[in-house]
Structures are given as structure tokens and as C-alpha cells.
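See structure below.
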Amino acid sequence: MMGSQGTEMTHWRKVYLILLSVDDGITGYRDDSLETVKRNQQQYDLPLKIVSYEELYGWTMDAIVKQIGLKNNCTFCGVFRRQALDRGAMILKVDKIVTGHNADDIAETVIMNVLRGDIARLRRCTAITTGMDGALPRCKPFKYTYEKEIVMYAYFKKLDYFSTECIYSPNAYRGFARAFIKDLEKIRPSAIIDIIHSGESLSVKKEVRMPVQGLCSRCGCMSSNPVCKACVLLEGLNRGLPRQVCVLAVATCPATQCVKPACFWRDSTEDCHDSVLARSTKKGGSWQTSWLEKNLRVLQVLLQCLVRWTTSQHRSHVEVPAVGSLWTAPPQT
Ligand code: SF4
């Protein structure tokens, strides 16, 4: 719980509250806001747990931005934050996560999910409580409360809250949805609530298959894929290849035990191209043979991506790995 919303929620004393904050490691933004949260802990005499990206993932957002630039930083931040909240809640052994999302946030999320064509998220983003069938339901009690109402309340009650903008927010996709809604509000003041009601009224045909929630085979966190997106993103960061964000899980080469782009296929039992090359050379194969073997693998990866993309219901989620690094130029003769 963070910001004016988190401050406000500490007045809600009918349940046992524990403050949970995520330190994403954004200098000049999160450090300031965490100071406010620490003061809130004193003011409201509530226990506080802070989990950081650095301790959970080994990366701060500053380090991630340094590595990947300012284009996809919010993707990393959003995926890591969502999981960090789950992990923090599990450490605290709480039975529910209560977030401070307000009506403006929900309306922006509806628009973003429409623009992304993400029907699964579109269906659940307006629900006041999600994950009721899982171990950690989440609820959004401020779902119908405008951001400006919360800020005005906190201001007039002289509550201690922060309102700093993230230094990386100018490039956030959400920012465009927010600007769009603000424009809509000028001509239709009820636009925010209308968008939320539109989201609530959408229904999906029964025959449309939705992703099934399971557990990530690596970290054990909630995921609709065998390997969760946080693990996939982290793998890319740790290998220094963040731009080839690939939803296809990595696998270890059975021959060399290394994880390489060529081995990017989930449940792959095939060897990576380095081991193919080594075998080929050992067998006395020519460079042409090994070069062809290497690049056939690239074509195979692309073909598999294409098949996956055409058969996926969530096409926007299937990204083709950057094959440039897999492709091997023929030796100069
Ligand atoms: Fe993270 Fe992006 Fe939000 Fe900044 S704007 S806190 S980088 S999601």
C-alpha cells in the first residue's frame, strides 16, 4: 500500500492490517515515498514490511533501466511488482492483499487491456476481488473512488502522503491511457465511471478458452504459463539479453548444461548449437555442415514461433526472440 491511498487505508481498522511496501529501487522516487511509508508506520502504529526488487531479483529498477533503456522498463517494473507483492504477502502469511487502486487506475487498465486485446485481463480487471479460488485473493476497496477525491481527503485531513511522479513514468504506456481519459473527461465528466461500468458489463463467450492459473515451475509463484513472466524477464536480464524478451521458456542444453538462445524452447530436449558444432567438428564435419546445422536451428526457432503465434489465443504475448544473436555468419574463406 503506497501513496495517499495507502495512508488512507490505515484508518480502516476493522481488520488486522499490515503495511506492505515494495522498493523497486528508483532513486529520487521510491526512496522518498518509502520515507513517507516509514513515517506512516510510526503515525498509525502498524507493522511494516518492505520487500525490494534487489533482494528478490538482484536488480533495482535503476539498474534495469541502465541495461535496457527507457522503452520497456514499465513491463519489468509491473511484472516484478505484482510478484513482489505476492511474495511479500506470503512472507507475512496474510490471507488477503488489499491494494490502493482507485477508479482512475481501473479505467486506465480497462483502456490498456482493450488496446492490447488482452481479453483475460479485461475480464478480471474491474472485479473488486480477484483470485478468490487461490491462496491469496486481492481486493481493491477504492475501485469507485476518484483519485482526486482521495487526494482532497488526504489534503484536508492533513494526512502525511507523497505525490511524487516516477522519474521513468513519461514513457509509461499507462500515461497515454491516462491522457486519453483526461481528454474524455473534459467532454464527458462521468467518463471514468462509465469506462469501469463498460468493463464490468463485458462478457466473454463460454467457449473462449482463458489461461489457466497454475504455479511457475521455477519460483512457485502464480502463473498461467509453466514459467512465469518474472522468471523469463529475469533470465533475459541475467544473460544480458533483455531486448530479446521471449515468452518461450528457456531450457538447459542436455549436452553442455548451458542455457543459450538456441535452447530457448520449452521442454527442449535438443542440444544447443554449440554442442552440435562440437559434435560435428569432432566427427570431422566441414564448416559448411556445422554452419548449416547452426542456422537451420535458427529457422527452426522462427518456425516454432510462427506456429505458436498462429495457434495462440493471446497473440500479443508471443514475441519472437531476437535471432540476430543466433545467426552465425559463414567463416571468411
Ligand atoms: Fe515502475 Fe513504470 Fe510505474 Fe515507474 S512508471 S513505478 S517504472 S511501472
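Indexing begins at 1, ligand by ligand and atom by atom, following the structure's order.
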Flag if over 12 foreign heavy atoms under 6.0 Å of CG, Asp95: no
Neighbour count >12 (heavy atoms, 6.0 Å) for atom OH, Tyr146: yes
Minimum non-hydrogen distance to atom 7 (S) of ligand 1, winning option of Ile64, Ile167, Asp24, Asn73: Asn73
Side-chain donor-acceptor pair present, Gln43, Asn40, cut-off under 3.5 Å: yes
Polar contact flag, side-chain donor to acceptor under 3.5 angstrom, Arg174-Thr109: yes
For atom 1 (Fe) of ligand 1, closest protein heavy-atom neighbour: Cys77 SG, 2.3 Å
Sub-4.0 Å heavy-atom contact, Arg81 with ligand 1: yes
Steps toward salt bridge (Lys or Arg N to Asp or Glu O under 4.0 Å) verdict (Arg39, Glu35): CA-CA 6 Å; Arg39 285 197 304 277; Glu35 287 311 311; 5.5 Å; no
Cys74 near atom 2 (Fe) of ligand 1 via N/O/S, less than 2.8 Å: yes
N, O or S atom of Cys166 closer to atom 4 (Fe) of ligand 1 than 2.8 Å: yes
